[in-house]
Amino acid sequence: MMKFSRVALLLVLPATLIACGGYIAPQYQQQETTSVDVNVSQTSYTTGDCSGQFVAHPLDHTTVANRYPIEMFDSNGAGMAVNDLDQDGDMDLVFANLGGKNAVLWNEGNLDFRPMSLEFGNSRAVATVDVDTDGLLDLVFTTETGLPLWWKNMGAGEFENQLGLPGVDAPAYSMAWADLDQDGDLDLIGGSYDAALEKDLGDTFLNSNGAGVFVYTNNNGEFTGERLIDKAQALAIQVFDVDNNGKPDILIGNDFAVRDYLWLNTDAGWERSEMFDVTTHSTMSFALADLENDGQSELFATDMIPYKHDAETEAEWQPVMDMMMHGHVEGDPQVMANVLQSANQDAFSDVAADRGILATGWSWSGKFGDLNQDGYVDLYVVNGMRASELFSHLPNNELVEENQAFANAGDGTFTAAPDWALNATESGRGMSMADVDGDGDLDIIVNNLEAPAQLLENQLCEGSSVVVALRQPGTGNAHAIGAQVALQTSAGTLIRGQEAGSGYLSGDPSELHFGVPADAEIEQLVITWPDGATSTVENVELGARVTVERGG
């Protein structure tokens with residue numbers, strides 16, 4: 001084990017880096033910080049197969065609908081998560097299901113997975129978080145019509161259903177986990193999807209007064225709820241520091257032309273705000289990333305818009321467009337297209353069209369990751385829709401589309417990457433990225449609807465990588481959700497934020513991937529922990545997994 005420490009006054013990244021994957025101000029500033037010692041271990045990767053593209057592997061899980069023909073909102077499918085659940089050093093897969101059982105696919109190595117069914121389904125989102133702070137990652141599922149389910153990790157590959165989270169008493173479709181009050185443990189945000197609740201529960205839901213957006217503050221394992229609003233169509237939740245005050249804020253992405261909600265985290269409590277001149281019309285997912293390596297993160301939101309404009313595509317989409325678009329109301333910031341929020345001082349502007357990612361189809365989960373390891377994050381978006389109310393004019397009531405992959409040109413603009421062979425058509429919903437096969441690059445996992453889930457194995461074999469796993473043992477946030485890591489290289493500084501989840505209903509791994517160009521040299525690793533303390537690690541090896549355990 002190597003041990004490193006650093007003096008207490010550093011030229012560090014801005015204070016807003018303590019937010020959860022948050023907005024990063026473009027300037028640097030001198031500030032007083034607390035430096036903490038860390039223990040560091042490094043394990044080198046072995047390069048896998050190299051075909052120059054991604055290779056699709058079907059997985060032993062299929063998310064199925066509750067009823068047929070498939071109608072809204074079974075058509076929304078379910079999410080998934082990826083993380084090391086048994087602490088054996090590789091990534092396991094978790095899939096939510098609607099008509100079938102939820103499942104864990106234990107990673108046995110060599111792309112071999114051992115399936116394990118969980119007792120319940122009827123689920124939407126998945127998160128892998130340490131609820132009871134015992135050092136083991138638990139599973140939390142939101143359910144179709146009820147309260148979130150907590151499966152406690154008992155170790156030895158076993159989970160025990162706790163039925164619910166203490167104090168969480170309202171239905172949630174989407175969720176996010178973050179240290180909102182900055183007291184060292186993880187709080188929960190839950191958002192309801194009222195359209196589905198009303199359809200499934202009818203008058204029971206209308207008379208229940210139990211929906212909306214709730215913040216659940218964690219008090220030693222007991223959650224205390226605060227209702228922010230009593231109505232929502234929340235498909236996505238993003239936590240980040242929007243107003244650059246060092247506190248994580250809450251952004252809710254709503255479906256059905258309901259405007260997105262934003263609450264700022266202030267000293268006086270949660271304050272509703274409007275800071276975006278343009279937003280998506282039907283927000284499906286959110287993702288944050290620094291697209292230009294300039295120290296400033298952009299926020300991407302997916303929506304529904306065709307990526308082709310030929311006569312056949314227009315005929316497929318026309319009935320839906322006629323039904324959903326009834327003219328733009330003056331003063332409404334919503335547009336039926338993807339939106340990429342770029343910050344300029346205290347204002348945001350939509351640059352999706354300028355960056356080449358305005359239209360990606362009927363899009364669900366969209367996420368950034370450096371797939372070709374050139375030092376810049378790329379974009380992958382999964383697509384497709386199947387609903388009898390919308391597509392009765394198409395075979396199987398299904399809009400069949402290709403998933404969309406985009407390579408970052410190095411300046412924050414994107415071009416389609418068909419050579420990567422990521423154009424699957426299995427109707428993806430939840431999606432995440434992680435190094436599943438242990439060769440150091442990012443693979444992609446997709447939870448499809450009515451088709452087997454897929455592992456898209458990265459065989460590009462370009463550049464190199466560093467994967468960083470942060471640990472804070474014995475704390476209420478052992479996997480350092482909300483930390484920011486800056487990998488300083490001769491080709492520039494690369495920044496990643498540790499989040500519990502992103503995209504559409506999907507959980508992220510407790511490690512951060514940095515693609516490094518082949519000719520670049522690593523200078524150092526600077527960690528800003530969730531409480532603002534910093535650590536600096538020298539002698540980071542290229543092509544290695546670096547585990548950094550906080551000691552101070």
Side-chain angles (χ1 to χ4, degrees), residues 5-6 8 12-22 31-39 83 87 127-138 140 148 150 152-153 165-168 175-190 214-226 237-241 245-250 263-267 269-270 468-485 496-501 507-512 526-536 547-552:
S5 62
R6 197 72 171 174
V12 299
L13 296 171
T16 51
L17 285 177
I18 66 175
C20 302
Q31 66 180 27
E32 191 99 10
T33 66
T34 300
S35 178
V36 295
D37 292 343
V38 292
N39 294 317
N83 227 323
Q87 300 181 337
T128 56
V129 290
D130 184 6
V131 175
D132 54 356
T133 67
D134 64 354
L136 299 175
L137 288 167
D138 306 308
V140 180
W150 168 28
K152 175 178 168 57
N153 191 337
L165 296 161
V168 177
M175 65 176 160
W177 292 82
D179 186 4
L180 299 174
D181 53 6
Q182 299 177 323
D183 66 349
D185 56 23
L186 293 178
D187 310 301
L188 170 66
I189 310 109
F214 285 80
V215 172
Y216 295 97
T217 302
N218 189 345
N219 299 297
N220 298 316
E222 293 284 334
F223 293 88
T224 302
E226 176 186 356
I237 302 176
Q238 183 67 52
V239 179
F240 73 122
D241 186 3
N245 71 344
K247 297 176 181 290
D249 307 309
I250 298 172
W263 283 276
L264 300 179
N265 192 346
T266 74
D267 292 338
W270 297 105
V468 178
L470 303 179
R471 299 293 181 262
Q472 299 184 125
T475 73
N477 186 7
H479 293 80
I481 302 301
Q484 294 281 343
V485 179
R496 303 287 187 268
Q498 185 64 67
E499 298 180 279
D508 292 332
S510 299
E511 61 182 33
L512 302 171
V526 179
I527 301 160
T528 303
W529 298 94
D531 62 358
T534 63
S535 302
T536 300
T547 301
V548 183
E549 183 176 296
R550 180 170 175 170

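Worth knowing before you read on, the calculation uses all heavy atoms, side chains too, and leaves out hydrogens, waters and symmetry mates.
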Given side chains that start at C-beta, do those of [X] and [Y] come closer than 4.5 Å, heavy atoms only?
{"X": "V485", "Y": "V526", "answer": "no"}
{"X": "T34", "Y": "T534", "answer": "no"}
{"X": "V548", "Y": "W529", "answer": "yes"}
{"X": "P148", "Y": "L165", "answer": "yes"}
{"X": "D132", "Y": "W150", "answer": "yes"}
{"X": "Q182", "Y": "K247", "answer": "yes"}
{"X": "Q484", "Y": "P530", "answer": "no"}
{"X": "N39", "Y": "T547", "answer": "no"}

Report the residues that fulfil side chain to side chain donor-acceptor pair (under 3.5 Å) with T475, sequence neighbours left out, ordered by chain and then residue number.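 Result, side chain to side chain donor-acceptor pair (under 3.5 Å) vs T475: none returned.
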Among all residues two or more places apart in sequence or in another chain, which pass the side chain to side chain donor-acceptor pair (under 3.5 Å) test with N83?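 Once residues adjacent in sequence are excluded, the partners of N83 under the side chain to side chain donor-acceptor pair (under 3.5 Å) criterion are T128, S510.
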N/O donor-acceptor pair under 3.5 Å between [X] side chain and [Y] backbone:
{"X": "N477", "Y": "G184", "value": "no"}
{"X": "S535", "Y": "V36", "value": "yes"}
{"X": "N265", "Y": "G269", "value": "no"}

Could you pull out the closest heavy-atom pair between [X] and [Y], with the gap in Å?
{"X": "T133", "Y": "G476", "value": "CG2-CA, 3.4 Å"}
{"X": "L512", "Y": "G497", "value": "CD2-O, 3.5 Å"}
{"X": "G190", "Y": "I237", "value": "C-CD1, 4.2 Å"}

When rounded to the nearest 0.5 angstrom, what is the spacing between [atom1] in [X] and [atom2] in [Y]?
{"X": "L186", "Y": "H479", "atom1": "CG", "atom2": "NE2", "result": "10.5 Å"}
{"X": "D267", "Y": "N245", "atom1": "CG", "atom2": "CG", "result": "7.5 Å"}
{"X": "L470", "Y": "Q498", "atom1": "CG", "atom2": "CD", "result": "6.5 Å"}
{"X": "R471", "Y": "E511", "atom1": "CZ", "atom2": "CD", "result": "7.5 Å"}

Listed by chain and number, what are the ring pair (Phe, Tyr, Trp, His ring centres under 6.0 Å) partners of W263, not counting sequence neighbours?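 Expected list: Y261.
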Restricting to side chain to side chain contact (heavy atoms under 4.5 Å, CB included), what partner residues turn up for [X], sequence neighbours left out?
{"X": "D181", "answer": "D179, D183, D185, D187, T217"}
{"X": "A500", "answer": "V129, W177, I481"}
{"X": "L264", "answer": "V242, D243, D249, L262, T266, S273, M275"}

Could you check whether E499 and Q238, counting side-chain N and O atoms only, form a donor-acceptor pair closer than 3.5 Å?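 Short answer, yes.
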Let me check something: any side-chain donor-acceptor pairs from residues 219-226 under 3.5 Å, sequence neighbours excluded? List them with distances.
| residue | atom | partner | partner atom | Å |
| --- | --- | --- | --- | --- |
| N219 | ND2 | T224 | OG1 | 3.2 |

Pair D134 + K152: basic N to acidic O under 4.0 Å: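 K152 and D134: salt-bridged.
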Apply the test side-chain contact (heavy atoms from CB on, under 4.5 Å) to residues D531 and R550: give CA-CA distance (whole Å), side-chain angles for both, the deciding distance (0.1 Å), then the verdict. CA-CA 12 Å; D531 62 358; R550 180 170 175 170; 2.8 Å; yes
